Visitor: 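Mind looking over this structure? Questions follow.
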Amino acid sequence: MSRLAAGVVLVTAQEPPLDPDDPGAPAGEDVGMTATAFLSVSLDPPLVLVSVREGSRMDDLLAEQPLWAVSVLTDSQRHIAGRFAMKGRISDRLLFADLPVTRGEASDAPLITDALATLECRTEQRVPAGDHTLVIGRVLTARAPGADGGPLTYFRGRYRNLG
C-alpha cells in the first residue's frame with residue numbers, strides 16, 4: 001500500500017469540557033491527527049470517510065464528539081503533517097500554539113487558515129475495520145480558502161509534492 005499515493009489532511013476536533021454543567025470546569029482541548037486515509041464517499045448527501053487507529057485518542061474522541069473538521073494540507077504544510085503524526089508527541093495544546101487557525105462555525109474545531117480546502121463534518125456512522133475505525137461524516141461546511149501551491153501527498157513512506 002506504500003505505493004498508493006494519498007493526499008494528506010489534518011483531522012481536528014474539540015474535546016468537550018470535563019464537566020459541561022460546571023462553568024468553572026476546565027474547557028476541552030483541541031485534538032489533531034494527520035491522516036492519509038481520507039476520501040469522498042458520496043455527493044448526495046455529501047459524505048466523507050476518515051480511517052483512525054482503533055483505541056487512539058482521536059478514535060476515542062470521535063466516539064463521543066460527533067463534530068469534527070478536516071484541513072486539506074498544501075505542499076508547504078509538511079511541517080504540520082509531521083507535527084501531528086509524531087508518536088509520543090507533546091500535548092496537542094502545544095502543537096496548535098503557533099499555527100494559523102480559525103474556528104469552524106459548525107464544529108468549533110480548529111481549521112488551518114491557509115489549507116487547500118476545509119470541511120466540517122458530523123459523524124453519521126462508525127464502522128470497525130480491523131485495527132481501525134472508519135468514521136463516515138456528513139459534510140456541514142466546505143470551503144476552499146484559496147491557498148497557493150499544490151496538495152501534500154504521501155508516497156512510499158514520505159511526504160511528497162505533486163509534480
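The figures here come from the full heavy-atom set of this structure, side chains too, leaving out hydrogens, waters and symmetry mates. All values reported here derive from a predicted model rather than from experimental measurement.
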Visitor: Can you give me the closest heavy-atom contact between Val11 and Ala35, atom names plus distance?
Guide: CG2-CB, 4.1 Å
Visitor: Are Ile136 and Val139 connected into the same hydrophobic cluster when the rule is that any two of I, L, V, M, F, W, Y join if their side-chain heavy atoms are below 4.5 Å apart?
Guide: no
Visitor: Indicate the atoms forming the closest heavy-atom contact of Ser56 with Val52, along with that distance.
Guide: OG-CB, 4.5 Å
Visitor: Can Asp75 and Arg160 be counted as an ion pair, charged N to O under 4.0 angstrom?
Guide: no
Visitor: Ignoring hydrogens and geometry, is there a side-chain-to-backbone donor-acceptor pair from Arg103 to Asp108 under 3.5 Å?
Guide: yes
Visitor: Check whether any side-chain heavy atom of Leu10 sits under 4.5 Å from a side-chain heavy atom of Ile80, and report yes or no.
Guide: yes
Visitor: Measuring from Arg126:CZ to Thr133:OG1, what's the distance to the nearest 0.5 Å?
Guide: 5.0 Å
Visitor: I want to check something: taking the side chain as every heavy atom from C-beta on, are His132 and Asp59 in contact at a cut-off of under 4.5 Å?
Guide: no
Visitor: Measuring from atom CG of Asp30 to atom CD of Glu15, what distance do you get when rounded to the nearest 0.5 angstrom?
Guide: 9.5 Å
Visitor: Verify the cluster assignment for Leu39 and Leu119: are they in a single hydrophobic cluster under the rule of side-chain heavy atoms below 4.5 Å apart?
Guide: no
Visitor: Within this structure, what is the OG-CD distance for the pair Ser42 and Glu124, rounded to the nearest 0.5 Å?
Guide: 10.0 Å
Visitor: Between Glu29 and Arg57 (salt bridge meaning N to carboxylate O under 4.0 Å), is one present in this structure?
Guide: yes
Visitor: Answer yes or no: is there an ion pair linking Glu120 with Arg138, defined by an N-O contact shorter than 4.0 Å?
Guide: no
Visitor: Compare every heavy atom of Ala69 with every heavy atom of Ser107, then report the nearest pair and how far apart it is.
Guide: OG-CB, 4.0 Å
Visitor: Between Thr113 and Pro100 (side chain of the first, backbone of the second, donor and acceptor by atom type, cut-off under 3.5 Å), is there such a pair?
Guide: yes
Visitor: Minimum heavy-atom separation for Ala106 to Thr141, with atom names?
Guide: CB-CG2, 4.3 Å
Visitor: Yes or no on side-chain contact (heavy atoms from CB on, under 4.5 Å) for Met33 and Phe84, after CA distance, side-chain angles and deciding distance?
Guide: CA-CA 5 Å; Met33 174 196 89; Phe84 285 90; 5.8 Å; no
Visitor: Are any of the side-chain heavy atoms of Ile112 and Leu99 separated by less than 4.5 Å?
Guide: yes
Visitor: Quick one: closest heavy-atom pair of Thr74 and Leu116, and the distance?
Guide: CG2-CG, 3.6 Å
Visitor: Rounded to the nearest 0.5 Å, what separation is found between the CZ atom of Arg143 and the OG1 atom of Thr102?
Guide: 9.0 Å
Visitor: For residues Gln14 and Val31, determine if any side-chain heavy atom of one lies less than 4.5 Å from a side-chain heavy atom of the other.
Guide: no
Visitor: Please determine, by modelled atom types, if Trp68 and Thr123 share a side-chain donor-acceptor pair under 3.5 angstrom.
Guide: yes
Visitor: Is there a donor-acceptor contact under 3.5 Å from the side chain of Thr12 to the main chain of Pro110?
Guide: yes
Visitor: Would you find a donor on one side and an acceptor on the other, under 3.5 Å apart, between the side chain of Glu64 and the backbone of Leu61?
Guide: no
Visitor: Nearest 0.5 Å, please: how far is OG1 in Thr34 from CD in Gln77?
Guide: 11.0 Å
Visitor: Any Lys/Arg nitrogen of Arg83 or Asp98 sitting under 4.0 Å from an Asp/Glu carboxylate oxygen of the other?
Guide: yes
Visitor: What's the shortest heavy-atom distance between Leu111 and Val70, and which atoms?
Guide: CD2-O, 4.0 Å
Visitor: Find out if a path of hydrophobic residues (ILVMFWY) with successive side-chain heavy-atom gaps under 4.5 Å connects Val8 to Leu95.
Guide: yes
Visitor: Verify the cluster assignment for Leu49 and Leu67: are they in a single hydrophobic cluster under the rule of side-chain heavy atoms below 4.5 Å apart?
Guide: no
Visitor: I'd like to know if the side chain of Arg122 reaches the main chain of Leu140, judged simply by a donor and an acceptor atom lying under 3.5 Å from each other, with no hydrogens or angles considered.
Guide: no
